[in-house]
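See below for the structure under consideration.
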Amino acid sequence: MPHNTSSDFFLRVYEVVRQIPEGRVSTYGAIAEYLGARRSARMVGWAMNAAHTRPDVPAHRVVNRTGMLTGKHHFGGPRVMQQLLEQEGHQIVDDQIVDFETVFWKPTDAV
DNA sequence: TCAGTGACTGACC
DNA sequence: GGGTCAGCCACTG
C-alpha cells in the first residue's frame with residue numbers, strides 16, 4: 001500500500017473508473033490522459049491492480065487500447081473479467097471486445 | 001542502490 | 001501488417 005502522493009493518483013483513477021457507465025468500457029491510456037498523465041498508462045494499470053480491493057471500482061470496464069482483456073488474470077480467474085463484461089451486454093471473442101469502438105467511453109464524455 | 005517487472009502506448013522498421 | 005523499442009514510474013528483491 002503506497003503511502004506517498006501517488007495514492008492521490010490512485011484515488012483519481014478510482015473516481016474516473018466509477019463514472020464508466022454500465023455497458024461501456026474505457027482504456028488505461030484514456031484515463032491517464034484525462035488525469036494529465038498521458039504517458040503513465042502503466043500507472044493506471046497499477047492502480048487497477050490496487051483497486052482490486054475496491055468493490056465499487058468496476059475495473060473490468062478498463063481494457064487496453066485495442067479492447068483486449070489484458071488484465072483478466074487479476075480477477076481471481078481468467079474468465080471472471082469476461083463474464084462480468086458479458087453480463088453487461090458485451091460480446092467477447094478471443095479475449096477481445098466486439099465493436100469495442102462503439103462501446104468505448106472517454107472520461108470527457110461524463111456529464 | 002540497482003536491476004527487473006508490469007492490467008500501456010506510440011513510434012519505427 | 002506484424003514485431004520491436006523506448007518512455008513511463010511504482011514496486012519488489
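The structure displayed is predicted, hence computed values, not measured ones. Residue numbers begin at 1 in each chain, while the letters A, B, ... track the order of the sequences.
- Near-neighbour residues of DNA chain B inside residues 85-108 of chain A, defined by a heavy atom below 4.0 Å, are absent.
- Judged as a salt bridge (Lys or Arg N to Asp or Glu O under 4.0 Å), the pairs with a partner in residues 55-68 of chain A (not counting sequence neighbours) are, in order, A:Arg18-A:Asp56, A:Arg61-A:Glu88.
- In this structure, A:Met68 atom CE and C:dG2 atom P are separated by 12 Å, rounded to whole Å.
- Each of A:Asp109, A:Val62, A:Val57 was evaluated against A:Ile20; a single residue qualifies, A:Val62, per the side-chain contact (heavy atoms from CB on, under 4.5 Å) test.
- Checked against side-chain contact (heavy atoms from CB on, under 4.5 Å), A:Thr102 has the following partners two or more places apart in sequence or in another chain: A:Asp99.
- Sequence neighbours left out, not one pair with a member in residues 23-45 of chain A passes ring-ring contact (aromatic ring centres under 6.0 Å, His included).
- Look at CH2 on A:Trp46: it is 7 Å from P on C:dC11, rounded to the nearest Å.
- Protein atom CG of A:Leu35 is 14 Å distant from nucleotide atom P of C:dC9, rounded to whole Å.
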Dot-bracket for DNA chain B: what is it, with Watson-Crick or G-U pairs under 3.5 Å, [ ] where a pair crosses earlier ones, and | for a pair to another strand?
.|||||.||||||

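- Considering only residues two or more places apart in sequence or on other chains, A:Asp95 meets the salt bridge (Lys or Arg N to Asp or Glu O under 4.0 Å) condition with A:Lys72.
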What does the B/S/- profile of nucleotides 8-13 of chain B look like, 5' to 3', with a 4.0 Å heavy-atom cutoff to protein?
BSS---

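- A distance of 9.0 Å separates CZ in A:Phe10 from CE in A:Met48, rounded to the nearest 0.5 Å.
- The salt bridge (Lys or Arg N to Asp or Glu O under 4.0 Å) pairs that include a residue from residues 29-45 of chain A number zero, where partners must be two or more places apart or lie in different chains.
- Atom P of nucleotide C:dC8 and atom CD of A:Glu33 are separated by 16 Å, given to the nearest angstrom.
- Listed by chain and number, the hydrophobic cluster partners of A:Val80 are A:Val25, A:Val63, A:Leu69, A:Phe75, A:Met81, A:Leu84, A:Leu85, A:Ile92, A:Ile97, A:Phe100, A:Val103, A:Phe104, where partners are ILVMFWY side chains within reach of under 4.5 Å, directly or through others.
- Residues passing the side chain to side chain donor-acceptor pair (under 3.5 Å) test with A:Thr66 are A:Asn64, sequence neighbours excluded.
- The stretch residues 44-53 of chain A participates, sequence neighbours left out, in no salt bridge (Lys or Arg N to Asp or Glu O under 4.0 Å) pair at all.
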